[in-house]
Each structure stands twice: as C-alpha cells, then as structure tokens.
Amino acid sequence: MWPCITICRPLLLKLRSRYAFSKDTRQTLVSPSKLIFRPSASCTGVGKKWTRPTGYDTGLKTYNSLTKQKEPLVLAQEGIATWYSCGPTVYDHAHLGHACSYVRFDIIQRVLSRVFGINVIHVMVITDIDDKIIRRALEKSISPTVLARMYEEEFKNDMLALKVLPPAVYLRVTENIPQIVAFIEGIIRNEHAYATKQGDVYFDIGSIGDRYGWCNQSEMAKKRDSRDFALWKASKPQEPSWESPWGKGRPGWHIECSTIASSVFGSQLDFHSGGIDLAFPHHENEIAQCEAYHQCGQWGNYFLHSGHLHLKGSAEKMSKSLNNYITIKDFLESYSANEFRMFCLLTKYRSAIDYSDASLNEARSSLATITAFTHDAQAYMRGQLQCPAVEEGALWERLAETKANVVRALADDFDTPRVVNAIMSLVYHGNRQLQPITKPDRSPRSPAVFGAFLAYIREVFEVLGEAHSVDSSGTLENVVEQLARFRSDVRAFALSVQETPPGEPAHASPSPCSEKLPLLKACDTLRKDLASMGVHIRVSACVCQWRLLKGGRGR
C-alpha cells in the first residue's frame, strides 16, 4: 500500500476547507426557489456555449474537449491548478491502454509544474465497488473488498514502475458513501433527480432541457425517460450495500466522481482528465450532476482526454472486454519504463496511438541515439575523443534556439512530439561536430558547449520523466566504463612486444609473443559478447570508446 492515502489526509482536509462549500452555503444554493441551473455542457459538443473562465491567464493553450478546439488556459488562482482524474475500476490487472493514459497525463502535470511553475493539486478516485468487481469476486469466491484492494495495490505498483507521480491523494468510493448519499439528496432537492419505488434513484434528464447526447433503451419500466441514469442502485442479493434514505443500495458509477471531486474542490474545477472513452456518457453525466447540485453554469473548465491505444492494424482499442490487452507487468519484462514513456512522447497525448514492435523500436532507437551522443560528448569533454575544431558559436546558437522551441511546443497544448524532434535535432547537430580523427591535432577544444548540451538534454528528460535515460552517473555506466578500461589495458599488454636483447638481431615486424595470444583472443571474445548485450566498443589509434545501443534499458 502506498503511504499517500494516510500521509496526504491533512492535505485533503485542508483542500476541502479551502475549496468546498460550507453546509449553510450548500443549503442556500440548493433551494428550489433560487434555481439558476442551465443546460449542461457536453463532452460530445452538444449543450451550452463554453465560457472562458475568469482568473489567471497562464499564456498556455490547451485542447478542450468541451469546445473541440484549443483554448487559452485560465486558472481560478495564479500558480494553482486543481485536477481531478478518473482512476481505475479495480477488478483486474491494469493494461497498456491504462498505462498510456496515465503516463501521458503524468507528462502534462510534470510540464505544468516544472516548466511553468504551476502547482498541480491532483486527486484521483479508485472505484472499488462496481458491477464488474462484484461479478469477478463471485467468480473467485472472495470478498469484493479483498479483490478490489488486491488490484488497487497492483495498479499502484504498476504506476510506480512506470514512474508516474502519485496524486496528492487517492480516494476510494467505499470510503465516501455518506458524502455520495448527501450529494444525491442535494440533486433531488433541486428537482433534478427522483427515487423509484424499487429504491433506485435516477437523474432526471428532462429537467435540464432536451439537449442530451446519450440514449439507453434499457430499464424503461423504472425510469421517466430512457436516457435517465442511475445515481443510486437498490441492493440485490449477494451484493455489498449501504443504508440510504431510499433503502439499502450502492452508488451509481457517475455519481462517485461528481461527489468526490466536489468534496475536495467545491463547485469549480480547472482540469478533469481521462481516456477518450470516458467523455460520453461518464464525463457528460458528471457535468450534469455537478451543475445540478452546485447550481452553476460551468463546473469543469477544461476536460482533457487521451487517445486510445490500438494494436497495430486494428481499429479496436486495447481493452479488457475485448481480451486484446497486454498487462503492464508483462510489458515491462521486454521493455523499460523509459522506452514506454518515449513511445508516449512521440505522439500527441490526445491522439490515438498504435502499439507495435516497430513503434516501440522507434522509441528505443531514439533513446539509443541520445545515449550514444551522451557518451561521445562525455568522451570529448574528458579528452578521450579527438575531433576537428568545433564550430562553437553555431552550437551555442542551436542550443538557444532549441530551448525556445521546446517552451513554445509545451505551451501549445503540451506538444511532446515537437519537443522530441527539437532534442533529436540538437543531438544531430552535436554529433556532426564529434567526428573522430585518428591523429590528434592542436585545434582548440570546446568542452563547455557540449557540457551545456548534456545538461539541457538531461533537464528536459527529467521534466518529462525520463531522468535515467541520459543519466551518466548510474551504476551500469560505471561498470561498463571500468570493464572497457580493463579490456583496453589487457589488450595493450598483449600487443606489446618484448625488447630485443643486446647482440641479437631485431625482427623486421615485431609481433606479440605466443604466450600473449590467448589474452588477445579473450579481449576479442569479450568485445563480441558485450556487443550482443548492447555494449559496442570502438577502438581507434588514440582511444578505446564504448556506447550503449539499447535505449536506457535497465537503468
């Protein structure tokens, strides 16, 4: 269990006191005589016009699913972004489709905080009671609570392995049942929900106008309108249940997010994130519930949705229901977290992304190119790599241009492909200056500019969560460095020739004595073995160099 839930409880209480409405304020707002609710905005593009928030203009632009276009990012408070995300329904293993969404939003949050100085207050809900959880628990003959805790723990471990920063606090649905019941009561008082004789409670779509995008023909006998969705479900045999004014039951899917987000952030939210499959009906229903409860015209200002992960050549998303998924744990047996993050960085967060060996090899190759440049630049700085005179002025200009391009790309809807392209271009121009020569000359050296290149590349990838991909101080690099030096010393000794004793004729072409030949053979064998493991040793007349060819795996 991550300690975040208990450690962050004081933070949660502080947030609730800061953002949430008081009891008296809520009672005033939910009075039917003061009804000011307007038809809800829709993530499908149907509904009222989006209103640009008032507050602090960050100067950034982000694509808003509410408007289907990029909008200026305006926060309610300067330097603070409130962020709610839909966490997993913990009934099974998390897969790469989930990982893709969480890694992409982790990148955005890192950019907001570490590039633009915005403190992101992120809250995530864990859905630990749900139809799927109940069914799976019955299949396994275990308690739904035990099942949910088991997969919740696995999810958190998966996120840790993928270097996804945890939210400020995780909140479970089952630990917020009283708040959910109170939230439903508020919607009923506002005449936007109704209870049935069977003990179910439904949101009344008709009460918010005729513009709503969802149509469901099931359970019409219980509902006023086929589009009405459940806020509270009456209990059934062998299901967990809780007491409520409408009888024993459990919350519906959408109400949990509305309640928990409101309990922390109140009637105003900067960001709401999730996969594109959650845009409708889940997020649309959240909007309807929150605006009905809070009596406001716009609850969430920016909805961010990540694109689906598809198996190459398939139009279907990776999902548990289609049984076409790869678990995060299985994936990490073949690829590294760095490689997966680079895989995500190479496409825009809201674009669909194809999973294939080719796309992952592209990510691996990009990391390998950066790693190789890092080692060559370090060798040059140590005086171990001899090159012609470097065009230092041009490199300094290229670095300044890259820095400006990276900031512009991140400010424009967090465009990570442009960032990666800018870094790869910087590496390309750096590599052009690091062409080895066999004989040292007396050209002036320029180690400072390459040190600046490496520091900036490391800084960018640390921001994006790729800290170890260009880190030269890790244990692996030190081991390889010492091994390469040892091999070089042994090889030099084996190639050395014994001096001719006085009075004996000198050989025309001295060669190593036969006793040393096994040492040379061992050096060649070691070089081949290392090459098969991704370590390439290059020997020139001046120096022995090495590079890792597998983009950061194992570091």
Side-chain angles (χ1 to χ4, degrees), residues 60 103-104 106-116 162-163 335-349 351 353 359-381 390-435 446-474 477 547-553 555:
L60 312 180
V103 167
R104 284 167 150 183
D106 178 68
I107 290 167
I108 292 176
Q109 292 176 358
R110 287 171 180 267
V111 167
L112 285 172
S113 62
R114 301 182 186 188
V115 177
F116 300 109
L162 291 171
K163 305 178 187 176
Y335 296 94
S336 71
N338 282 335
E339 288 164 350
F340 185 75
R341 187 164 291 246
M342 177 60 80
F343 168 75
C344 293
L345 289 168
L346 290 171
T347 58
K348 293 185 178 180
Y349 73 92
S351 301
I353 183 170
S359 56
L360 283 163
N361 285 336
E362 181 185 0
R364 174 175 283 178
S365 176
S366 297
L367 287 173
T369 299
I370 295 169
T371 301
F373 169 71
T374 298
H375 289 300
D376 285 350
Q378 289 172 339
Y380 174 81
M381 294 172 66
V390 170
E391 298 175 9
E392 185 172 349
L395 291 182
W396 284 117
E397 290 178 9
R398 179 67 59 177
L399 179 60
E401 180 183 343
T402 301
K403 289 182 177 181
N405 289 339
V406 166
V407 172
R408 278 195 293 268
L410 293 175
D412 183 15
D413 195 32
F414 317 105
D415 195 340
T416 58
R418 279 169 57 192
V419 171
V420 174
N421 286 338
I423 295 299
M424 297 308 292
S425 177
L426 186 68
V427 168
Y428 168 75
H429 286 281
N431 273 329
R432 289 183 61 188
Q433 302 290 324
L434 292 177
Q435 299 303 313
S446 306
V449 68
F450 287 101
F453 269 42
L454 295 183
Y456 179 66
I457 293 171
R458 184 177 297 112
E459 177 187 348
V460 169
F461 281 100
E462 284 178 350
V463 165
L464 299 175
E466 290 270 11
H468 299 293
S469 64
V470 292
D471 185 358
S472 63
S473 62
E477 287 84 352
R547 64 175 64 179
L548 292 176
L549 299 181
K550 295 186 178 181
R553 172 143 181 83
R555 285 177 287 155

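This one's a predicted model, so the numbers in the text were calculated from it and none came from an experiment. Just so you know, these numbers use all the heavy atoms, side chains as well, and skip hydrogens, waters and symmetry mates.
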| Are any side-chain N or O atoms of S425 and backbone N or O atoms of N421, one a donor and one an acceptor, separated by less than 3.5 Å? | no
Which heavy atom of [X] sits nearest to which heavy atom of [Y], and what is that distance?
X: L162; Y: A337; answer: CA-CB, 4.0 Å
X: L454; Y: T374; answer: CD2-CA, 3.7 Å
X: E466; Y: M342; answer: OE2-N, 3.0 Å
X: K163; Y: N338; answer: NZ-OD1, 2.7 Å
X: L395; Y: F453; answer: O-CE1, 3.4 Å
X: V449; Y: W396; answer: CA-CZ2, 3.6 Å

| query | Listed by chain and number, what are the ring-ring contact (aromatic ring centres under 6.0 Å, His included) partners of F450, not counting sequence neighbours? | reply | Y380
| remark: Contacts of F343 meeting ring-ring contact (aromatic ring centres under 6.0 Å, His included) (sequence neighbours excluded), chain-then-number -> F340
| query | For R398, what residues pass the salt bridge (charged side-chain N to carboxylate O under 4.0 Å, His left out) criterion, not counting sequence neighbours? | reply | none
| request: Kindly write out the residues that satisfy salt bridge (charged side-chain N to carboxylate O under 4.0 Å, His left out) with D413, not counting sequence neighbours, or none if the list is empty. | output: R350
With side chains defined as the heavy atoms from C-beta onward, is the minimum distance between [X] and [Y] less than 4.5 Å?
X: R341; Y: I107; answer: yes
X: I423; Y: Y456; answer: yes
X: L346; Y: P417; answer: no

With sequence neighbours left out, write down each residue that passes side-chain contact (heavy atoms from CB on, under 4.5 Å) with [X], or none if nothing qualifies.
X: T347; answer: R104, I353
X: E391; answer: A394, Q433
X: R418; answer: R408, A409, D412, D415
X: Q435; answer: none

| said: Evaluate I457 against F373 for side chain to side chain contact (heavy atoms under 4.5 Å, CB included), listing each step before the verdict. | reply: CA-CA 11 Å; I457 293 171; F373 169 71; 3.9 Å; yes
| Can you name the residues that form a side-chain hydrogen bond (donor to acceptor under 3.5 Å, both in side chains) with S351, not counting sequence neighbours? | none
| task | For S446, check side-chain hydrogen bond (donor to acceptor under 3.5 Å, both in side chains) against everything at least two apart and list the hits. | result | E392
| field | Sequence neighbours excluded, every pair satisfying salt bridge (charged side-chain N to carboxylate O under 4.0 Å, His left out) that has a member inside residues 447-456 | value | none
| message | Does R114 have more than 12 heavy atoms from other residues, nucleotides or ligands lying within 6.0 Å of its CZ? | response | yes
| request: Determine, step by step, whether L60 and L112 satisfy the side chain to side chain contact (heavy atoms under 4.5 Å, CB included) criterion, reporting the C-alpha distance in whole Å, the side-chain angles of both residues, the deciding distance to 0.1 Å, and the verdict. | output: CA-CA 10 Å; L60 312 180; L112 285 172; 3.8 Å; yes
| task | Look at E339 together with R364 and state whether they make a salt bridge at an N to O cut-off of under 4.0 Å. | result | yes
| task | Show your working on side chain to side chain contact (heavy atoms under 4.5 Å, CB included) between L345 and V419 and close with a plain yes or no. | result | CA-CA 9 Å; L345 289 168; V419 171; over 6 Å; no
